[in-house]
*Asks:* 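Below you will find the structure I want to go over with you.
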Amino acid sequence: MDKQKKQWLELMAQAVDKAAQAKGLESADYTSRIVVEHPPRPEMGDLAFPMFPFAKDFKTAPPVIAQAVVEALGAGLPGTAKTMGPYVNVFLDRAALIEDLIKDCASEEYGKSDLLSGQKIMVEFSCPNTNKPLHLGHLRNDAIGESISRILIASGAEVQKVNLINNRGVHICKSMLAYQRFGNGVTPESSGIKGDHLVGDFYVKFNQWSKEDDTAEAQAQDMLIKWEEGDKEVVALWELMNKWTIDGISETYKNTNISFDRYYYESNTYLSGRDEVVKGLEAGVFYKDEDGSIRLDLSEIGMDTKVMLRSDGTSVYMTQDLGTAIARHGDFPFDRLIYVVGAEQEYHFQVLFHALKKLGYSWADMLFHLSYGMVNLPEGKMKSREGTVVDADDLLKQLSEMAADEIRSKDRAEAVGDVEETGRKIALAALHYFLLQVSPYKDMIFNPKESLSFNGNTGPYLQYMSARISSMLEKFEERKGEFEGVSPDYSVMNSDAEWELVKALSSFPAAVRSAANDLNPSAVAAHLYDTAKSFSRFYHDCPILGSDDKVVTVTRIELAGAALQVLKKGFELVNIPFLSKM
RNA sequence: GCGUCCAUAGCUCAGCUGGAUAGAGCGCCGGACUUCGAAUCCGUAGGUCGCAGGUUCGAAUCCUGCUGGGCGUACCA
């Protein structure tokens, strides 16, 4: 479609120019003012060129201009042009376009572009704490980070996905302390509890205990100091429990098809961050406050001051993020670093970017905070105190079981083979689609009940459509002999349903491009739904294997195959597993 | 208070750099399985695009103000 669209833009520009000359107007820059649109209804054509922008220059009503432009277009066009009131609408040469499209869809390159070729982009996401397991908020973060990365790669960028493990601080010591007191040497192996959940249980236990014992908080602080001093016993416990958590979280990543090219650890970067702050102090970028803390003056960007290093010399979050950013640029000299982090940290990143700039790092301008909104529940916010936090593993398990039940209840168990594994893949589709449908910057409401529904505008719906195409193609393969020597004729596809599907398929590259530009996977998600829906309509309206015209069968099967290709490619971008059977 | 983001159907969300009658899904009501997989399809009902101005031939979209909400404004992360 792109090819013909470009062609028409060109033709239209010439025509408008010609019409202007005929009117005796001086040649103005009309071509740059031409816009292409899509008519609201299919019977109105495929492309629409509004004539409003020229009314003033022409001193003529748009419908009259439209008339003149159509005349100026002349004959011998790839399709037909008609006036529709103030618009010039174009009906494309469908057969030629469909033939091109089907060829394009079969290519590995379809949907890919060189939009960002030559660019090195680092994407940071997930960044868990090592004192508890992942929750629903992380799942949104992971889904966005992973999907954005894949979209950027498809757009030609060299992408490095990185994770920052927040493994130090008082909150970490809290679960350690509770373990020391109440753990009795329990391990993930001895208890059968996944490591991150086991550690999380002790974090909860600490909070219960601290209500009864007001020395608890102070003890945790003491432990942090011991940790910073390198106390052997504390460090050993820290290493042990960190490993449990990270192993557990890694399992969740594996289950959700999330991966990283490189890990950073706060326990490493906070020290280098501290050095940077000291250097910055010497260079006069930071200053020592009366209270002994080292601060950055933010009056330049209309803010107050920010602590870079505490008065007791210990690090704050900002300290280590400075160190991390600098280390990263050394490891991978990026053209862009995208931090996928919640909107509640916007202030933090404003300060961080400013601090790096003041420190003289020219690449500070290449940092970008991809700020995403909160995930709330129908009852309101998730609150750990009220136990309303939705645990990532629990949710996945629940979704998987629901999907497996669905398979069994539909008597698909035998056809599917591994019911559990298929259920898991359906669960992932449901989850990722649900999370990515919404624009990242917006808050969203996660309705657990609704997310368990596999009907309507959902990930499983997309999978279902691709599974149907797959089984149809399989059947076609079995009967291939019947169609020997029959070649497709694209002019037989003249129904609305077929054309709608063609249009959906041809807009896939544009959807990917838009997602890459806006760093917004929902553009791809929406396009996938549009494609699946169009296919569904096509499948319903147009007999394929059931047609008694072999040419029609062969031609439509090609279109169905093209739809499957596009769905598969799109699935990859939003992390939805493809299933040939479900 | 200041900063920032959001407000579209009963609910959850789309709506590309302004363009023709604002779209989905869920839910409601009603249809379609002896036929390529009914996890499907089709139809009905449902909107003053928060309010008020402005820019424009033309505004859900851009600008200003207002109202309501989220988030932030830590020597927390």
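Chain letters run A, B, ... following the sequence lines, proteins first, then strands; residues in each count from 1. Hydrogens, waters and symmetry mates are skipped; everything else that's a heavy atom, side chains included, is used.
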*Asks:* Looking at the side chain of His171(A), which of A77(B), G70(B), G15(B) is the nearest nucleotide?
*Replies:* A77(B)
*Asks:* Main chain of Ser495(A), side chain of Glu498(A): is a donor-acceptor contact present, judged purely on distance under 3.5 Å?
*Replies:* yes
*Asks:* Tell whether Asp291(A) reaches the base of C75(B) with its side chain through a donor-acceptor pair below 3.5 angstrom.
*Replies:* yes
*Asks:* I'd like to know if Ser311(A) reaches the base of C75(B) with its side chain such that a donor and an acceptor end up less than 3.5 angstrom apart.
*Replies:* yes
*Asks:* Applying a 3.5 Å limit to both distances, which nucleotide forms a Watson-Crick or G-U wobble pair with G46(B)?
*Replies:* none
*Asks:* What integer distance in Å separates Asp411(A):CG from A38(B):P?
*Replies:* 15 Å
*Asks:* Which atoms form the tightest heavy-atom contact between Thr388(A) and Lys381(A), and what is the distance?
*Replies:* OG1-O, 3.7 Å
*Asks:* Between Asn141(A) and Gly137(A), is there a donor-acceptor pair closer than 3.5 Å when you use the side chain of the first and the backbone of the second?
*Replies:* no
*Asks:* What contact category does Arg295(A) fall into here, base, sugar-phosphate, or nothing, at under 4.0 angstrom with non-hydrogen atoms?
*Replies:* base
*Asks:* Tell me which nucleotide, if any, is Watson-Crick or G-U wobble paired with U17(B) when both distances must be under 3.5 Å.
*Replies:* none
*Asks:* Indicate whether Tyr87(A) forms a stack on A20(B); treat it as stacked only if centroid distance is below 5.5 angstrom and interplanar angle below 30 degrees.
*Replies:* yes
*Asks:* Counting heavy atoms from C-beta on, name the nucleotide in C75(B), C42(B), A38(B) closest to the side chain of Val307(A).
*Replies:* C75(B)
*Asks:* Considering only heavy atoms and no angle criterion, is a donor-acceptor pair shorter than 3.5 Å present between the side chain of Asp321(A) and the base of A77(B)?
*Replies:* no
*Asks:* Of all the nucleotides listed (C71(B), A39(B), A74(B)), which has the minimum atom distance to the side chain of Tyr464(A)?
*Replies:* A39(B)
*Asks:* Is C62(B) syn or anti, taking syn as a glycosidic angle within 90° of 0?
*Replies:* anti
*Asks:* When you compare C33(B) with G69(B), how far apart are their C1' atoms, in angstrom units rounded to a whole number?
*Replies:* 47 Å
*Asks:* Taking 4.0 Å as the cut-off, does a side-chain nitrogen or oxygen of Lys442(A) come that near to OP1 or OP2 on A7(B)?
*Replies:* yes
*Asks:* Is there a donor-acceptor contact under 3.5 Å from the side chain of His432(A) to the main chain of Ala429(A)?
*Replies:* no
*Asks:* Toward the 5' end of RNA chain B, which comes first, Ile426(A) or Glu37(A), by nearest nucleotide?
*Replies:* Glu37(A)
*Asks:* When rounded to the nearest Å, what value does the distance between C1' atoms of G10(B) and U17(B) take?
*Replies:* 34 Å
*Asks:* To the nearest angstrom, how far is Asp443(A) atom CG from U12(B) atom C1'?
*Replies:* 14 Å
*Asks:* Sticking with atom P, work out how far A39(B) lies from U34(B), rounded to a whole angstrom.
*Replies:* 15 Å
*Asks:* If A9(B) has a Watson-Crick or G-U wobble mate with both distances under 3.5 Å, name it; if not, just say none.
*Replies:* none
*Asks:* Looking only at the side chain of Ala526(A) (C-beta and beyond, no hydrogens), which of the listed nucleotides A14(B), C75(B), U4(B) gets closest?
*Replies:* A14(B)
*Asks:* Whole Å only: how far is the CG atom of Leu309(A) from the C1' atom of A74(B)?
*Replies:* 15 Å
*Asks:* Which value, rounded to the nearest 0.5 Å, describes the distance between Leu545(A) atom CG and Arg556(A) atom CZ?
*Replies:* 11.0 Å
*Asks:* For U4(B), give its Watson-Crick or G-U wobble partner with both distances under 3.5 Å, or none.
*Replies:* G70(B)
*Asks:* My understanding is that a pair needs two contacts under 3.5 Å, Watson-Crick or G-U wobble. By that rule, which nucleotide pairs with C51(B)?
*Replies:* G65(B)
*Asks:* In whole Å, what separates the C1' atom of C26(B) from that of G70(B)?
*Replies:* 25 Å
*Asks:* Roughly how many Å is it from NZ in Lys82(A) to C1' in A20(B), rounded to a whole number?
*Replies:* 17 Å
*Asks:* Mind calculating the distance between CZ (Arg513(A)) and C1' (U17(B)) to the nearest angstrom?
*Replies:* 14 Å
*Asks:* Using atom types as modelled and distance alone, determine if a side-chain donor or acceptor of Arg310(A) lies under 3.5 Å from a backbone N or O of Ser315(A).
*Replies:* yes
*Asks:* Looking at A39(B), A20(B), C6(B), which one has an atom nearest to any side-chain atom of Met582(A)?
*Replies:* A39(B)
*Asks:* Give me the distance, rounded to whole Å, that separates G54(B) from G58(B) when you measure between the P atoms they each carry.
*Replies:* 12 Å
*Asks:* Rounded to the Å, how far apart are Asn376(A) CG and G69(B) P?
*Replies:* 16 Å
*Asks:* I'd like to know if Glu420(A) and Arg424(A) make a salt bridge, using a cut-off of under 4.0 Å between side-chain N and carboxylate O.
*Replies:* no
*Asks:* For the side chain of Ile544(A), counting heavy atoms from C-beta on, which of C36(B), C13(B), A39(B) is nearest?
*Replies:* C36(B)
*Asks:* Ile407(A) side chain: which of C42(B), A39(B), G19(B) is closest?
*Replies:* A39(B)
*Asks:* Of the options A39(B), C42(B), A38(B), whose atoms approach the side-chain atoms of Tyr539(A) most closely?
*Replies:* A38(B)
*Asks:* Whole angstrom is fine here: how far is it from OH in Tyr347(A) over to P in C75(B)?
*Replies:* 8 Å
*Asks:* Using the ring of Tyr372(A) (Phe, Tyr or Trp, six-membered ring only), decide whether Arg140(A) places NZ or CZ under 6.0 Å from its centre and within 45 degrees of its axis.
*Replies:* no
*Asks:* Out of A77(B), C36(B), U12(B), which nucleotide sits closest to the side chain of Glu266(A)?
*Replies:* A77(B)
*Asks:* What is the separation between atom CD on Gln345(A) and atom P on G72(B), rounded to the nearest whole Å?
*Replies:* 10 Å
*Asks:* Is the phosphate of U40(B) approached by Lys533(A) (side-chain N or O, under 4.0 Å from OP1 or OP2)?
*Replies:* no
*Asks:* Suppose we define a pair by two distances each less than 3.5 Å, Watson-Crick or G-U wobble; what does U34(B) pair with here?
*Replies:* none
*Asks:* What's the gap between G65(B) and C13(B) when it is taken at their C1' atoms, as a whole Å value?
*Replies:* 29 Å
*Asks:* What nucleotide among G37(B), A39(B), C13(B) has an atom nearest to a side-chain atom of Arg468(A)?
*Replies:* G37(B)
*Asks:* How far, in whole Å, is A22(B) from G46(B) if one measures between their P atoms?
*Replies:* 14 Å
*Asks:* Mind checking the P distance from U48(B) to G23(B)? Whole angstroms is fine.
*Replies:* 15 Å
